[in-house]
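Protein chains get the first letters and strands the later ones, always in sequence-line order, with residue 1 at the start of each.
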2 protein chains.
Amino acid sequence: MSKYFTRINLIVTFVRSKFMVMFSLSEENYLKAIFHLQTHPKAGVSTNALAEEMQTKASSVTDMVKKLSDKNLVIYKKYQGVYLSESGRETALQIIRKHRLWEVFLVEKLDFTWDEVHEVAEELEHIKSEKLISELDKFLDYPKRDPHGDPIPDAQGDFQVANKTLLSDLSKGEKGTLVGVKDTSPEFLKYLDKNDIALGKTIEVVDKEEFDGSMLIQIEDQSLRVSTMVTANIFIKI
Amino acid sequence: MSKYFTRINLIVTFVRSKFMVMFSLSEENYLKAIFHLQTHPKAGVSTNALAEEMQTKASSVTDMVKKLSDKNLVIYKKYQGVYLSESGRETALQIIRKHRLWEVFLVEKLDFTWDEVHEVAEELEHIKSEKLISELDKFLDYPKRDPHGDPIPDAQGDFQVANKTLLSDLSKGEKGTLVGVKDTSPEFLKYLDKNDIALGKTIEVVDKEEFDGSMLIQIEDQSLRVSTMVTANIFIKI
DNA sequence: TAAAATATTTAGACATCTCTAATTTTAAAA
DNA sequence: TTTTAAAATTAGAGATGTCTAAATATTTTA
Ligand SMILES: [Mn+2]
Ligand SMILES: [Mn+2]
Ligand SMILES: [Mn+2]
Ligand SMILES: [Mn+2]
């Protein structure tokens, strides 16, 4: 295993008889953001959407998108938005894999709560070591989901897409299990904690207000009224 | 807890009623390098020594040293070398604490060998999270030494300086316990592994060759001849 | 479909960290 | 003590990633 250095983010490492290129922290964060915005692949991800997601300016996004395009990580046509290429998708999935494995580690081993892990995982996901991640995966006993219910891609980037529905899409009388959250902000997660709403619990829609979509739900032995701000961010498996 | 951002490395976080400034990856690595070179504090650390340690050019070192001086992390007078200030020392020790805790984690929990941990810890040491480190410390049961026998500073930066001697400084007939290694390169560590030389083992100097300083040592039930390249990099506690 | 509003890109600049080449200072040798 | 060698600094520039302001393209609305 030999290495060639040309600045810190052009490190190229010979791994398993193929060249695996390393990307900068910025590049990795962009790829991940594009992946997350790319759920509905009819149109490319827009510059402004990416700027919002990355907390930066549209002009910075244009610059970076050009750079990613030069590296064949995205497909980009001026004014037409951006898509991940196959290689960009693979890279994004590896970063997401690392992010979610670290989140599991923080919660399972270091007593972090699910609202504390995201920020730290945002940094840990960029550590460069194949062995670190495969060993971490083994240490955690190959978890399939992160603390927020999101699937963890395996070393090949494969993962199960759960068939889940937003609570807000359920009708009166329907019930299921809470399997994930859409909004993973500390604010939302703390709200859920405060109201004893957790992964794995059974939820039934007792009543649904047509006017504003708010619901009266039965969650285990607790009855609770919740707004659409809440129901539109909870995933249910029926 | 509120945050103010001005570029990624000017993040200032209000922690425990005092301002704790965050430093860039480069700044942190420089501080650590100065600390390690600063063992004999008669003269300041020279520009060239730092350049060698940091694998960079002397002119780059001069630039960075000025920057660190502006931030009061080092005391620097042109052509006179550089010293860590109290605040620089504290910062360096916190990074070293993180580095060594991660090394313990990698060996104890993820089955890394002692020659594999340094490179990864070099990245992990820069993750910004007080909680991460205090929880990691707890998870590892507050280890006092890293896999190479080096002391781990506590949260206040305090650590025990072991009274240890280089094996090369022992005379014929003297013996003691292997408590540390000076050279932590994978090459040296693999040499030690290959010859069953490990921390905690008892070593006795059976014979010492005056001509080249090489020794015949008895290590547990094994007899071995070693050069000064080896003996000058092994720490013994008598 | 033309005007207005919005989205995106370009131009030019700045901060950080790095480099090479030239200059200056200090240390060593004659 | 002068000369020479080594060490350190300065000058100038490049790469990366960011920003503001101006220009251009696209979409929406009238
Ligand atoms: Mn990140
Ligand atoms: Mn998550
Ligand atoms: Mn480092
Ligand atoms: Mn170590």
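Under the rule for a side chain to side chain contact (heavy atoms under 4.5 Å, CB included), the partners of Thr231(B) that lie at least two apart in sequence or sit in another chain are Leu167(B), Ser168(B), Met215(B), Val226(B), Thr228(B). Residues satisfying the side chain to side chain contact (heavy atoms under 4.5 Å, CB included) test with Ala51(A), not counting sequence neighbours, are Val61(A). Judged as a side chain to side chain contact (heavy atoms under 4.5 Å, CB included), and not counting sequence neighbours, the contacts of Asn163(B) are Lys237(B). A search for side chain to side chain contact (heavy atoms under 4.5 Å, CB included) contacts involving Asp70(A) returns nothing, not counting sequence neighbours.
OP1 or OP2 of dT9(C) has at least one side-chain nitrogen or oxygen of Thr62(A) nearer than 4.0 Å.
Here the nucleotide nearest the side chain of Thr56(B), chosen from dT18(D), dT9(D), dT18(C), is dT18(C). Distance from the side chain of Lys66(A) is smallest to dT10(C) among dT9(D), dT18(D), dT10(C).
Lys57(A) has its NZ atom 6 Å from the P atom of dC19(D), to the nearest Å. Here the C1' atom of nucleotide dT18(D) and the CD atom of Gln55(A) are 14 Å apart, to the nearest Å. Tyr76(A) places its OH atom 9 Å from the P atom of dT8(C), with the value rounded to the nearest Å. The separation between Glu28(A) atom CD and dT16(D) atom P is 16 Å, rounded to whole Å. Atoms CG (Asn48(A)) and P (dT27(D)) sit 13 Å apart, rounded to a whole Å. Going from atom CG of Asp63(B) over to atom P of dG12(D) covers 14 Å, rounded to whole Å. To the nearest angstrom, P of dT9(D) lies 11 Å from CG of Leu50(B). Rounded to whole Å, the distance from CD on Glu27(B) to C1' on dA15(C) is 12 Å.
Note on Ser26(B): only backbone sugar-phosphate atoms sit closer than 4.0 angstrom, heavy atoms only; bases stay farther off. If you check every strand for non-hydrogen atoms under 4.0 Å, Lys77(B) touches nothing.
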Restricting both atoms to N or O, compile the protein contacts to nucleotides 21-26 of chain D shorter than 3.5 Å, with distance only.
from, atom 1, to, atom 2, distance (Å)
dA25(D), O4', Tyr79(A), OH, 3.2

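Within the 4.5 Å cutoff, no side-chain heavy atoms of Leu93(B) are placed close to those of Glu90(B).
The backbone N or O of Gly44(B) sits nowhere less than 3.5 Å from a side-chain atom of Gln38(B) that would complete a donor-acceptor pair.
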Report all side-chain donor-acceptor pairs from residues 100-116 of chain A shorter than 3.5 Å, counting only partners two or more places apart or in another chain.
from, atom 1, to, atom 2, distance (Å)
Arg100(A), NH1, Pro151(A), O, 2.7
Trp102(A), NE1, Leu124(A), O, 3.4
Glu103(A), OE1, His148(A), ND1, 3.2
Glu103(A), OE2, His99(A), NE2, 2.8
Thr113(A), OG1, Asp115(A), OD1, 2.8
Thr113(A), OG1, Glu116(A), OE1, 3.1
Trp114(A), NE1, Asp193(A), OD1, 3.1
Trp114(A), NE1, Asp193(A), OD2, 3.3
Glu116(A), OE1, Thr113(A), N, 2.9
Glu116(A), OE1, Lys131(B), NZ, 3.3

